[in-house]
Structure formats: structure tokens, C-alpha cells
Amino acid sequence: MAPGLVSDPPAENHHSVFKPTVYLLDNFHPQVMAFCDDNFNAITLDHPLHSKWREDARYLLIRSATLTTKDIELCPNLVAIGKQGVGIDKIDANACAARDIKIFNTPGVNAQAVAELALTLTMASARQVGSIVARQSSGILVPKEKCSGLILHRKTIGILGMGNIGKAVSRMFRGAFEAEVVAYDPFLPADAWAEIRHKRAESVEEVLQLSDVATVHMPLTPQTRDLIGYPEMKKMKKTAILINTARGGIVNEADLKRALSEGIIWGAGLDCHEQEPPSHERYQDLWDLGVVSTPHIGAATAETQMQTGLAAANYLLEYAKSRAF
């Protein structure tokens with residue numbers, strides 16, 4: 001029996017159902033697991049053969065697992081990976097490309113959920129919800145006279161990264177606040193987002209200078225690491241809010257602490273951190289400064305977990321079928 005084809009029916013038997021073998025490196029939504037049971041020979045985490053995934057797997061389905069260069073080297077039969085979600089930063093994409101191993105992620109499926117969280121973090125920051133709740137939870141009385149927030153109506157939302165999530169955010173802020181939109185993406189043509197009223201910026205700095213709310217929707221790459229540090233924050237309005245629902249490391253956290261301490265910007269909302277999940281020991285100072293922080297929950301809704309998992313599994317299944325017939 002060939003590696004990675006544990007109990008696979010022969011493809012040439014058209015009276016049988018073709019069920020490729022897939023190794024699951026994470027747990028998934030119950031409906032995703034049911035789909036895999038119905039359409040694959042699914043080798044789950046508790047399967048007795050799971051420990052042999054590196055030697056045998058032709059197809060992998062992952063959600064948050066890491067695949068290093070070494071992992072790829074130890075997978076001689078691997079031809080495709082289904083990745084739930086957009087980000088592939090935990091997969092060595094270069095090692096996969098060198099062997100023509102396909103990666104099927106699910107861009108766009110989680111856009112609405114992440115956009116809603118960006119809106120949540122913005123509103124919470126604007127109205128100081130994080131610091132108010134923290135003080136009240138510690139037993140401190142917080143009279144309303146001691147609170148002062150910001151109005152978001154008809155303010156400017158600056159979007160760094162004009163993909164599916166950025167587009168969903170722009171529509172949401174325009175609908176909720178009649179916001180002006182300024183957007184930057186060096187990889188999209190000049191006529192992108194023609195259906196959305198917006199100003200196309202020429203640089204990150206231009207977005208930061210114009211924005212009342214600046215929100216990041218870019219992947220983490222060597223070029224985007226520390227994209228927004230203290231020098232960039234100094235270009236922002238003192239009433240500006242910075243939101244990161246993309247990846248930790250794009251916003252320099254030490255510089256953010258300095259900027260907030262000095263009153264350079266108003267506030268920040270982070271769903272993504274350099275340490276995940278964020279610990280009290282590392283992030284207490286930022287939380288004390290009013291940063292609204294969540295542990296990378298942008299896609300953490302039951303609907304989104306189901307939809308993105310099903311999309312990744314289906315992409316993988318269709319690819320396996322295309323190779324079999």
C-alpha cells in the first residue's frame with residue numbers, strides 16, 4: 001500500500017466513491033469534521049496512524065498548526081495543504097513552493113467577522129471601554145464625569161491593506177459612521193475599489209496622517225514587520241486610534257507603549273500580538289494605558305470557523321479529485 005493512501009479505494013473503480021486520505025493536524029468545527037468523515041479517509045489527532053503523518057501524508061488539513069522547513073523536508077509524499085483561514089505565516093511557503101506543494105487557504109471567508117471585530121475594537125477604544133471595565137472590575141468606582149470619549153461619526157478611517165477584509169471594513173465604517181475612507185495597498189491597481197467612495201493614498205505615512213482611525217489588514221512579512229513604530233505614530237493625530245487585527249509584529253508594541261504614554265495618539269485596539277495569547281506579565285502596561293486587547297479572535301465565531309474550515313477542506317478535496325481522474 002502506498003504511503004498516504006490508507007485504505008483508499010482504487011481511483012479507477014468508478015462504482016466506488018473516491019476518498020483521498022487527509023491528515024488533520026488540528027481539531028475543527030464539528031461540521032468540518034463530519035465533512036471530512038464523509039469525503040476523506042480522515043486521520044484525526046486521536047487516530048492510531050496519526051503519528052506517521054510526516055512519512056505518509058499526501059494531503060494535510062490545518063488550522064493553527066505550524067509547518068516548518070524541517071516538517072516539509074520530512075514529508076516526501078506531501079502534495080497539498082488545506083489551510084483554514086487567510087494567514088499562512090505558520091507554513092514555510094518557500095519550502096512548499098520549491099516542491100510545488102499547493103497551499104489552499106480561505107481568503108475572504110472570514111472578512112465579515114474580522115471587520116466586525118475591527119469595528120468593536122475601534123468603538124471600545126473611542127469610548128475608553130477597556131480602561132473603564134478594568135477599573136470597575138478591580139473595585140474602583142468610575143463616575144461618568146471622569147470619562148471622556150470620542151465621536152466616530154463622519155471621521156476618516158484609514159485602511160492599510162485593500163484585500164477582502166479591508167473592503168469589508170470600509171463598507172462597515174461608511175455605513176455605520178458615514179466615514180471618509182482613505183486606503184493604501186501597493187499591490188492593487190489604481191482602479192481597485194471603484195464601487196467604494198475612497199481616497200487612494202500613495203504611502204503608509206499618508207494614511208496615518210489623514211486618519212482618525214487607522215486599521216491594519218496586511219500580512220506579516222519582512223517588509224511589514226514594525227511597519228508602524230514611534231516615528232510613524234508621531235505623524236498621526238493626537239486623537240487617532242490604531243487598530244491591528246492582522247498579525248502581531250506589524251505594530252511595534254514597545255513604540256505603541258511609548259506613544260500612548262506620551263499622548264501621541266488617543267488609543268489602540270489589538271487582536272494580534274507578538275505573544276499569543278497575550279499574557280498579563282507582558283501586556284499589563286499596554287492594558288493600563290487603555291489598549292483594548294483580544295487574543296486573536298477575529299475569526300473566532302462558530303459560523304466563521306465552520307465556513308473557513310469547510311472551504312479549506314473542500315478546496316483540498318477538489319484538488320485531490322483533479323489529480324485522481
Side-chain angles (χ1 to χ4, degrees), residues 115 118-119 121-128 130-131 148-163 165-167 169-170 173-174 177-188 190 192-193 196-274 283 285-293:
L119 177 64
L121 294 174
T122 301
M123 295 180 69
S125 182
R127 300 307 296 268
Q128 300 181 320
S131 60
S148 179
L150 300 175
I151 288 289
L152 297 171
H153 185 232
R154 292 186 176 173
K155 297 296 176 64
T156 297
I157 172 78
I159 299 175
L160 297 171
M162 297 173 62
I165 296 172
K167 181 179 285 189
V169 170
S170 70
F173 274 75
R174 282 196 58 78
F177 304 118
E178 300 180 78
E180 297 295 327
V181 176
V182 56
Y184 171 74
D185 194 315
F187 301 108
L188 290 191
W193 289 16
I196 300 173
R197 178 180 157 186
H198 73 285
K199 172 183 171 60
R200 184 69 177 267
E202 298 298 324
S203 66
V204 172
E205 289 74 17
E206 183 180 359
V207 172
L208 297 179
Q209 288 169 351
L210 295 175
S211 300
D212 296 291
V213 178
T215 179
V216 179
H217 303 288
M218 293 177 164
L220 178 64
T221 67
Q223 292 73 34
T224 62
R225 180 170 292 279
D226 293 327
L227 182 73
I228 304 177
Y230 186 77
E232 289 74 31
M233 293 177 207
K234 287 187 70 175
K235 295 179 172 68
M236 300 175 72
K237 301 176 183 179
K238 289 186 178 296
T239 54
I241 296 169
L242 179 59
I243 303 295
N244 183 12
T245 58
R247 284 292 185 270
I250 297 176
V251 174
N252 185 294
E253 294 171 352
D255 287 359
L256 177 61
K257 174 185 172 182
R258 180 183 174 189
L260 290 169
S261 299
E262 296 177 5
I264 298 297
I265 62 174
W266 169 270
L270 303 178
D271 185 45
C272 303
H273 305 75
E274 292 184 33
Y283 289 95
D285 289 345
L286 280 176
W287 296 342
D288 288 345
L289 289 165
V291 171
V292 185
S293 179

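Count residues from 1 along the sequence.
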Exercise. Mind checking the NZ-CG spacing from K237 to L210? Nearest 0.5 Å is all I need.
Key: 7.0 Å
Quiz prompt | For the student: nearest non-hydrogen atoms of S211 and V207, plus distance | solution = OG-O, 2.5 Å
Quiz item: Out of K155, R197, R174, which one pairs with E180 under the side chain to side chain donor-acceptor pair (under 3.5 Å) rule?
Solution: R197
Quiz item: Step by step, would you call M162 with R200 a side chain to side chain contact (heavy atoms under 4.5 Å, CB included)?
Solution: CA-CA 10 Å; M162 297 173 62; R200 184 69 177 267; 3.5 Å; yes
Quiz item: Taking atom types as modelled, is there a side-chain donor on S170 or H198 under 3.5 Å from an acceptor on the other?
Solution: no
Quiz prompt | Note, R258 side chain near M233 side chain (heavy atom, < 4.5 Å) | solution = no
Practice problem: Count the heavy atoms of every other residue, nucleotide or ligand shown that sit under 6.0 Å from CZ of R127, and state whether that count exceeds 12. | Solution: no
Quiz item: Is it true that a side-chain atom of D212 and a backbone atom of T156 form a donor plus acceptor pair closer than 3.5 Å?
Solution: yes
Quiz item: So do the side chains of Y184 and E205 get within less than 4.5 Å of each other, counting heavy atoms only?
Solution: no
Quiz item: So, T224 side chain and I250 main chain: donor-acceptor pair closer than 3.5 Å or not?
Solution: no
Quiz item: What residue among L242, V292, L152, V169 forms side chain to side chain contact (heavy atoms under 4.5 Å, CB included) with T122?
Solution: L152
Quiz item: Of the non-hydrogen atoms in A268 and S125, which two are nearest, and what is the gap between them?
Solution: N-OG, 3.5 Å
Quiz item: Nearest 0.5 Å, what's the CG-CD1 distance between L270 and I243?
Solution: 7.5 Å
Quiz item: Do L256 and I265 touch side chain to side chain, with heavy atoms closer than 4.5 Å?
Solution: yes
Quiz item: Does any non-hydrogen side-chain atom of L227 lie less than 4.5 Å from one of E232?
Solution: no
Practice problem: Please assess Y283 against E274 for the test side chain to side chain contact (heavy atoms under 4.5 Å, CB included), listing each intermediate value before the final yes or no. | Solution: CA-CA 10 Å; Y283 289 95; E274 292 184 33; 4.0 Å; yes
Practice problem: State the CD1-CD1 distance between I165 and I159, to the nearest 0.5 angstrom. | Solution: 11.5 Å
Quiz item: Which atom pair, heavy atoms only, marks the closest approach of G290 to S131?
Solution: CA-CB, 4.2 Å
Self-check item: Close side-chain approach of H217 and D185, heavy atoms under 4.5 Å
Solution: no
Quiz item: Hey, what do you get for CD (E253) to CG (D226), rounding to the nearest 0.5 Å?
Solution: 9.5 Å
Quiz item: Around K235, counting heavy atoms of other residues, nucleotides and ligands shown, do more than 12 lie under 6.0 Å from its NZ?
Solution: yes
Self-check item: Minimal non-hydrogen separation, S293 against H273, with atom names
Solution: OG-NE2, 2.6 Å
Self-check item: D255 (side chain) donor-acceptor with Y230 (main chain) under 3.5 angstrom
Solution: yes
Quiz item: Judged by atom type as modelled, is there a donor-acceptor pair below 3.5 Å linking the side chain of D285 to the main-chain atoms of D288?
Solution: no
Practice problem: Using modelled atom types only, decide if a donor and an acceptor are shared between the side chain of Q128 and the backbone of S148 within a distance under 3.5 Å. | Solution: yes
Quiz prompt | Where L208 and A214 come nearest, the two heavy atoms and their spacing | solution = CD2-CB, 3.8 Å
Exercise. Only counting residues at least two apart or in another chain, list the ones meeting side-chain contact (heavy atoms from CB on, under 4.5 Å) with A179.
Key: I157, F173, F177
Quiz prompt | Gap between atom CZ of R247 and atom CG of D271 - 0.5 Å precision | solution = 10.0 Å
Quiz item: Roughly how far, to the nearest 0.5 Å, is CD1 of I241 from OG1 of T215?
Solution: 11.0 Å
